[in-house]
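Just below is one structure, and these are the notes that go with it.
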Amino acid sequence: MSTKKIFSREELKQRVTAWKQAGEAITLANGCFDLLHVGHVRYLRAAKQLGGRLIVAINSDESVRALKGEGRPLMPAEERAEILSALADVDAVVIFSEHDVRALIREVRPDIHAKGTDYTADTVPERDAVAECGGRVEIVGDPKNHSATKIIRSRIGPRHS
């Protein structure tokens, strides 16, 4: 059995097909994960507890910059992917460059799309794609009182946040 956890989009589609053929459910979580903090760990743990395999999609460097502004990300995507892949709850990591994960949802057709508590089921941007693929949205994790942006502002200064 391969211990590889970081996949290209094409490799991930093949891995998901094998998992589904083995009867495993697929949960997708996503985010920038620019500065891993306890809120991220709790979010991913809660997503894994929904069952099956957990795929974590992380924004590319360009995508993070578009969302968070200049000075971000603090770490390149490959390093963020490696850190996330080391977590026991994570079964696969993929980097995506789009503004949101709709295209990836359509590619892997997850059973569950897990989002953090800063969303509601009605405000998840990709909820349309999840429904189109026959999946469901679940809101998981602890209350959104941890934020990489807030940590960066408080410890490094506003120009990086």
Side-chain angles (χ1 to χ4, degrees), residues 2-13 15-16 26-50 52-108 110 112-127 129-130 137-161:
S2 171
T3 58
K4 178 179 176 169
K5 286 187 173 183
I6 303 171
F7 296 94
S8 69
R9 297 274 281 259
E10 192 55 42
E11 291 169 330
L12 181 64
K13 287 192 281 187
R15 176 64 60 182
V16 167
I26 306 297
T27 299
L28 175 68
N30 71 284
C32 295
F33 301 99
D34 190 14
L35 180 65
L36 194 65
H37 56 70
V38 71
H40 291 135
V41 173
R42 291 172 182 166
Y43 162 56
L44 296 175
R45 182 170 299 133
K48 179 64 173 181
Q49 289 172 350
L50 295 170
R53 298 291 185 152
L54 176 60
I55 299 168
V56 180
I58 66 168
N59 294 75
S60 69
D61 295 345
E62 298 78 22
S63 178
V64 173
R65 212 168 353 273
L67 290 167
K68 305 286 186 177
E70 284 303 312
R72 301 282 295 273
L74 297 178
M75 293 183 291
E78 293 75 19
E79 290 180 16
R80 291 182 280 128
E82 186 175 340
I83 291 167
L84 287 167
S85 74
L87 298 177
D89 291 321
V90 175
D91 295 296
V93 179
V94 65
I95 299 167
F96 70 99
S97 58
E98 298 89 348
H99 178 69
D100 62 40
V101 290
R102 282 184 177 91
L104 186 62
I105 288 168
R106 290 182 179 109
E107 290 170 19
V108 301
I112 302 169
H113 182 44
K115 294 294 274 187
T117 57
D118 46 336
Y119 291 93
T120 67
D122 292 331
T123 63
V124 171
E126 305 89 0
R127 69 187 180 284
V130 175
V137 171
E138 291 284 342
I139 306 301
V140 298
D142 63 350
K144 180 76 175 183
N145 51 14
H146 302 93
S147 158
T149 298
K150 288 180 185 175
I151 292 168
I152 293 164
R153 277 191 188 133
S154 71
R155 300 208 171 106
I156 299 172
R159 77 180 177 91
H160 290 287
S161 60

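The figures that follow rest on heavy atoms only: side chains count, while hydrogens, waters and symmetry mates do not. A quick note: this is a predicted structure, and the numbers were derived from the prediction, not measured.
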Between atom [atom1] of [X] and atom [atom2] of [Y], what is the distance when rounded to the nearest 0.5 Å?
{"X": "Ile105", "Y": "Arg127", "atom1": "CD1", "atom2": "CZ", "result": "11.5 Å"}
{"X": "Asn30", "Y": "Leu104", "atom1": "CG", "atom2": "CG", "result": "8.5 Å"}
{"X": "Glu126", "Y": "His99", "atom1": "CD", "atom2": "NE2", "result": "8.5 Å"}
{"X": "Leu44", "Y": "Gln49", "atom1": "CG", "atom2": "CD", "result": "11.0 Å"}
{"X": "Arg72", "Y": "Leu67", "atom1": "CZ", "atom2": "CG", "result": "10.0 Å"}
{"X": "Leu84", "Y": "Ile58", "atom1": "CG", "atom2": "CD1", "result": "6.0 Å"}

Nearest heavy atoms of [X] and [Y], plus distance in Å:
{"X": "Val140", "Y": "Ala114", "value": "CG2-CB, 4.0 Å"}
{"X": "Ala103", "Y": "Glu98", "value": "CB-OE2, 3.9 Å"}
{"X": "Gly52", "Y": "Asp91", "value": "O-OD2, 4.0 Å"}
{"X": "Val101", "Y": "Ala57", "value": "CG1-CB, 4.2 Å"}
{"X": "Ala47", "Y": "Leu54", "value": "CB-CD1, 3.9 Å"}
{"X": "Pro125", "Y": "Tyr119", "value": "CD-CE2, 3.5 Å"}

What residues, two or more places apart in sequence or in another chain, satisfy side-chain hydrogen bond (donor to acceptor under 3.5 Å, both in side chains) together with [X]?
{"X": "Glu11", "result": "Lys4, Ser8"}
{"X": "Ser85", "result": "none"}
{"X": "Ser97", "result": "none"}
{"X": "Arg106", "result": "Glu132"}

Do [X] and [Y] have side chains that get closer than 4.5 Å, going by heavy atoms?
{"X": "Arg80", "Y": "Val64", "value": "yes"}
{"X": "Lys68", "Y": "Asp34", "value": "no"}
{"X": "Val93", "Y": "Phe7", "value": "no"}

Query raised in the report: Going through the checks in order, is the side-chain contact (heavy atoms from CB on, under 4.5 Å) test met by Glu138 and Lys115?
Result: CA-CA 6 Å; Glu138 291 284 342; Lys115 294 294 274 187; over 6 Å; no
Query - Electrostatic pair Arg42:Asp89 at N-O distance under 4.0 angstrom - result: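 No, Arg42 and Asp89 are not salt-bridged.
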Report task. Tell me, yes or no, whether the heavy-atom count around Arg9 atom CZ, taken from other residues, nucleotides or ligands under 6.0 Å, exceeds 12. Result ->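 Check passes, neighbour count above 12.
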Requested in this report: Please identify each residue that fulfils ring-ring contact (aromatic ring centres under 6.0 Å, His included) with Phe33, with sequence neighbours left out.
Outcome: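 Counting only residues at least two positions away or on another chain, Phe33 forms a ring-ring contact (aromatic ring centres under 6.0 Å, His included) with His40.
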**Report entry** Polar side-chain atom of His113 near backbone of Val137 as donor-acceptor pair, under 3.5 Å
**Finding:**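 Side chain of His113 to backbone of Val137, a donor-acceptor pair under 3.5 Å: no, none is there.
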Query - Residue list, side-chain contact (heavy atoms from CB on, under 4.5 Å) with Glu82, at least two apart or on another chain - result: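 If we apply the side-chain contact (heavy atoms from CB on, under 4.5 Å) test to Glu82, skipping adjacent residues, the hits are Ile6.
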